[in-house]
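What follows is a short report on a single structure.
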Amino acid sequence: MTTQNINEKIRELKELTRMAEEIEAEQEAIKDELKREMELRQVDEISTNEYKVRYKQVTSTRFDSTAFKSKYADLYEQFTKTTTFKRFSIA
């Protein structure tokens, strides 16, 4: 692949990335509009003849590794593992 081909591919990738970001922003705007409507109606679920939309509070419990590490550093080190991967980036 020539330098010109690489530059063209990078330009194409950047354009597709820009388009994907625009689409994602549009998706979020539509989601926000539906959420506002549900809040206005004071409901956490809306059913239509085709879809069911839910906007409910969810509670989850997660392990606080930062707090655990600060209190039990030795034990934390025993149960951590290092992983290696390749990162792709364009500057």
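The shown structure was predicted, so the numbers you read here are calculated from the model rather than taken from an experiment.
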**Request:** Answer with yes or no whether the hydrophobic clustering places I30 together with M38; edges join I, L, V, M, F, W, Y residues whose side-chain heavy atoms lie under 4.5 Å apart.
**Result:** no
**E77: partners by salt bridge (Lys or Arg N to Asp or Glu O under 4.0 Å), with sequence neighbours left out** = none
**Message:** Listing request: all side-chain hydrogen bond (donor to acceptor under 3.5 Å, both in side chains) pairs with a residue in residues 4-26, at least two apart in sequence or in separate chains.
**Reply:** T2-N5, Q4-E8, E15-R18, R18-E22
**Complete:** Applied to residues 80-89, the side-chain hydrogen bond (donor to acceptor under 3.5 Å, both in side chains) test, sequence neighbours excluded, yields none
**Asked** How far apart are the closest heavy atoms of R41 and I46, and which atoms are they?
**Response** NH1-CD1, 4.0 Å
Identify every side-chain donor-acceptor pair in residues 48-68 under 3.5 Å, counting partners at least two apart or on other chains, and give the distances.
| residue | atom | partner | partner atom | Å |
| --- | --- | --- | --- | --- |
| T48 | OG1 | E50 | N | 3.1 |
| T48 | OG1 | Y51 | N | 2.8 |
| T48 | OG1 | Y51 | O | 3.2 |
| R54 | NE | E45 | OE1 | 3.0 |
| D64 | OD1 | T66 | N | 3.3 |
| D64 | OD1 | A67 | N | 3.1 |

**Request:** Kindly work out whether a path of hydrophobic side-chain contacts (I/L/V/M/F/W/Y, heavy atoms less than 4.5 Å apart) joins I10 to L16.
**Result:** no
**Item:** Qualifying residues under salt bridge (Lys or Arg N to Asp or Glu O under 4.0 Å), relative to K69, sequence neighbours excluded
**Value:** none
**Message:** Does this structure show an ion pair linking E28 with K31, if we count only N-O contacts that are shorter than 4.0 Å?
**Reply:** yes
**Message:** Among residues at least two apart in sequence or on other chains, which ones pass salt bridge (Lys or Arg N to Asp or Glu O under 4.0 Å) with E39?
**Reply:** none
**Request:** Would you sort out whether R36 and L40 count as a side-chain contact (heavy atoms from CB on, under 4.5 Å), showing the intermediate values?
**Result:** CA-CA 6 Å; R36 278 192 302 274; L40 183 67; over 6 Å; no
